[in-house]
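To start, the structure under review is shown below, and the notes come after it.
Given the structure is predicted, the values throughout are model-derived calculations rather than measurements. Below, read A as the first sequence line, B as the second, and so on, with proteins coming before strands; counting in each chain starts at 1.
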There are 2 protein chains.
Amino acid sequence: MGEEQRRRLDDRQHVPEVTVSRLPLYLQTLLALAAQGIRTVSSEQVGQAAGVNAAKVRKDLSYLGSYGTRGVGYDVQHLVDEMSRELGLGRDRAVVIVGAGNLGHALSNYRGFDARGFEVVGIVDIDPDKVGGEVGGVTVSDLASLPGLVAQRPGSIGIVATPASAAQSAVDALVAAGVSSILSFAPGTAMVSDGVTVRQVDLALELQILSFYARRFDETDDRALDPTVL
Amino acid sequence: MGEEQRRRLDDRQHVPEVTVSRLPLYLQTLLALAAQGIRTVSSEQVGQAAGVNAAKVRKDLSYLGSYGTRGVGYDVQHLVDEMSRELGLGRDRAVVIVGAGNLGHALSNYRGFDARGFEVVGIVDIDPDKVGGEVGGVTVSDLASLPGLVAQRPGSIGIVATPASAAQSAVDALVAAGVSSILSFAPGTAMVSDGVTVRQVDLALELQILSFYARRFDETDDRALDPTVL
DNA sequence: CGGTGTGAAGCCTTTCACAGCA
DNA sequence: TGCTGTGAAAGGCTTCACACCG
């Protein structure tokens, strides 16, 4: 591995997690601007469109390198290219869905994946009744075929769409098959070894968070409220 | 408003957002422990089960008040009650889904909502072909009936499950109907007035974040970017 | 000029470490 | 003794403000 390449890898590790989570947002914003024929943008414009402070935009982009021009702004296409590269979106990335229930169905039918360069290469389930069925143009196969689905696709992403009770074994199966980036919709915390990234989306949990903020609008609670509250 | 009162109000709001977002996680953890018949827990145990540092658990819980017993731990049931109250989960909360497509279907069929005290009171769509259909035991009604659905249920939560193009108007319709806590699955940033809380779950965006981390496992790629995948 | 790139300040969150109490 | 509750330290993120440069 050459000096140059190593340094870039190391640099990449220093991109703060929060920044990484905002990059796709900027990317979407830039693509929308590009579609409007806009070729140059300022951090101010990007920030406005993405709902983010301009200084934060500049700081975030500076982690990727100095791609702007002082006094002018950023070249939209150039920035799109650099960000796509940084996010590893230069190629189609394979996605495997574990769990062919309601959510698995909805996900494999979701058109947004294809549109953004993710290819659903398979959906697996343990239920023999579901195996063989077709969902969103993909055939449901047995859990055992999971390793085969991703064998030829390093850097694949797994999606867990099982009930909570099956989530840990779904994650384990994905990791065993060589998948180390996982999006889980199952409630509960999955245990994984180092080097595996799991992002979790728990729908009921999101609603509970919203409930906290919705509470402001409840009529007086039947239970006694702490007097200092609101 | 006097200084003192303002200070108290500010203090109350000062349950940090990150803490609020962890409370439901603790709650789930505690409910699971309660189901196992465990009546007392230490911050260490909760942390272990929730995948969180014990000190953080104590700090977070301390924002709700001092409900623990030194040398002993926390009474599980008492903590569950206090947290439920804090999260406004003392009653069933109404949920309205906007958009009866794939995702809307999956959501209204999702059993996890009921199980955690959220009642899907309606699902609306602008497509006349979809109106009248039944999904998950709920009839799809016209967008216009949205205000009626939540009129009797202050503190309701709205879920946006529309395509991106309809997201802003869906949000506007929800806000106009009096909903001020919204979970959106649509890509893009929705504009809302102050006092409205929007949480966003963008599936493709989640995958792009994972793609960044998956890139470590790609074979060496400094290859030129193919713009067509975007 | 105008807008980037970036040290430095400020703020928020996490973690430490221990006093205090059952 | 054991574990909570919490000041204080450490770390990380955001925001400011301005040097710098096209």
Side-chain angles (χ1 to χ4, degrees), chain A residues 10-26 29-30 33 38-80 82-83 86 189 209 212 226 228, chain B residues 7 10-26 29-30 33 38-80 82-83 86 209 212:
Chain A
D10 288 354
D11 281 356
R12 184 141 56 79
Q13 299 229 304
H14 294 148
V15 179
E17 218 171 294
V18 271
T19 294
V20 171
S21 70
R22 278 190 298 263
L23 292 182
L25 179 63
Y26 298 147
T29 304
L30 290 167
L33 293 169
I38 297 170
R39 314 194 71 169
T40 307
V41 286
S42 66
S43 58
E44 186 62 41
Q45 288 174 275
V46 176
Q48 199 108 63
V52 163
N53 172 303
K56 200 188 282 181
V57 172
R58 290 203 298 280
K59 196 55 138 199
D60 283 341
L61 295 182
S62 78
Y63 290 117
L64 311 186
S66 301
Y67 298 130
T69 307
R70 289 164 196 246
V72 178
Y74 302 87
D75 179 88
V76 175
Q77 192 55 52
H78 184 221
L79 204 46
V80 164
E82 291 297 343
M83 284 194 25
E86 191 73 18
T189 313
I209 295 170
F212 176 87
D226 185 286
T228 58
Chain B
R7 158 92 37 60
D10 289 354
D11 281 357
R12 170 56 176 67
Q13 303 243 307
H14 196 290
V15 179
E17 219 171 292
V18 272
T19 294
V20 171
S21 71
R22 279 190 297 263
L23 292 182
L25 179 64
Y26 298 147
T29 304
L30 290 167
L33 292 169
I38 296 171
R39 315 193 71 166
T40 307
V41 286
S42 66
S43 58
E44 186 62 42
Q45 288 174 276
V46 176
Q48 199 110 63
V52 164
N53 173 305
K56 199 187 285 180
V57 172
R58 291 201 299 279
K59 197 54 139 198
D60 284 341
L61 295 182
S62 78
Y63 290 116
L64 311 186
S66 301
Y67 299 130
T69 308
R70 290 163 197 246
V72 178
Y74 302 88
D75 180 88
V76 175
Q77 193 55 51
H78 184 220
L79 204 46
V80 164
E82 291 297 343
M83 285 195 24
E86 191 73 17
I209 295 170
F212 176 88

Practice problem: Could you list where the contact with chain B starts and ends along DNA chain D, reading 5' to 3', using a 4.0 Å heavy-atom cut-off? | Solution: D/dG2 to D/dA8
Practice problem: Locate the shortest heavy-atom distance separating A/Leu23 from A/Met83; write the atom from each residue and the value. | Solution: O-CE, 3.0 Å
Self-check item: Nearest heavy atoms of A/Leu25 and A/Thr29, plus distance in Å
Solution: O-OG1, 2.8 Å
Quiz prompt | Sequence-aligned protein contact record of nucleotides 17-22 of chain C, with B where the base is within under 4.0 Å of a protein heavy atom and S where only the sugar-phosphate is | solution = B-BBBB
Practice problem: Find the distance between OG (A/Ser43) and NZ (A/Lys59) and round it off to the nearest 0.5 Å. | Solution: 12.5 Å
Quiz item: Do B/Asp75 and B/Thr69 have side chains that get closer than 4.5 Å, going by heavy atoms?
Solution: no
Quiz item: So what does B/Ser43 touch, heavy atoms closer than 4.0 Å: a base, only the sugar-phosphate, or nothing?
Solution: sugar-phosphate
Quiz item: Quick one: CG on A/Leu61 to CD on A/Glu82, what's the gap to the nearest 0.5 Å?
Solution: 11.0 Å
Self-check item: Whole angstrom value for the distance that separates C1' of C/dC12 from NZ of A/Lys56
Solution: 12 Å
Quiz item: What are the two closest non-hydrogen atoms of B/Gly47 and B/Val57, and how far apart are they?
Solution: CA-CG2, 3.8 Å
Quiz item: B/Ala50 and B/Tyr26: which non-hydrogen atoms are nearest, and at how many Å?
Solution: CB-CD2, 4.3 Å
Practice problem: Round to the nearest Å and state the distance from A/Tyr63 atom OH to C/dT4 atom P. | Solution: 17 Å
Practice problem: For A/Gln45 and C/dG2, give me the distance from atom CD to atom P, rounded to whole Å. | Solution: 14 Å
Quiz item: Can you check the A/Leu61 CG to C/dT4 P distance for me, whole Å?
Solution: 9 Å
Practice problem: Answer with base, sugar-phosphate or nothing: what part of the nucleic acid does B/Tyr67 contact at a heavy-atom distance below 4.0 Å? | Solution: sugar-phosphate
Quiz item: Separation of A/Tyr26 atom OH from C/dT4 atom P, in whole Å?
Solution: 13 Å
Quiz prompt | Pair B/Leu79-B/Val46, side-chain contact (heavy atoms from CB on, under 4.5 Å): steps then yes or no | solution = CA-CA 11 Å; B/Leu79 204 46; B/Val46 176; 5.7 Å; no
Quiz item: Could you give the CG-to-P distance, from A/Asp60 to C/dG5, as a whole number of Å?
Solution: 12 Å
Quiz item: Out of curiosity, A/Thr40 OG1 to A/Gln77 CD, how far, rounded to the nearest 0.5 Å?
Solution: 11.5 Å
Self-check item: Closest heavy-atom pair and its distance - B/Phe212, A/Glu86
Solution: CD1-O, 3.3 Å
Quiz item: Between the two end axes of the helix from C/dC1-D/dG22 to C/dA22-D/dT1, each built from 5 base pairs, what angle do you get to the nearest 10°?
Solution: 10°
Quiz prompt | side-chain contact (heavy atoms from CB on, under 4.5 Å) between B/Arg58 and B/Tyr74, worked out | solution = CA-CA 10 Å; B/Arg58 291 201 299 279; B/Tyr74 302 88; 3.8 Å; yes
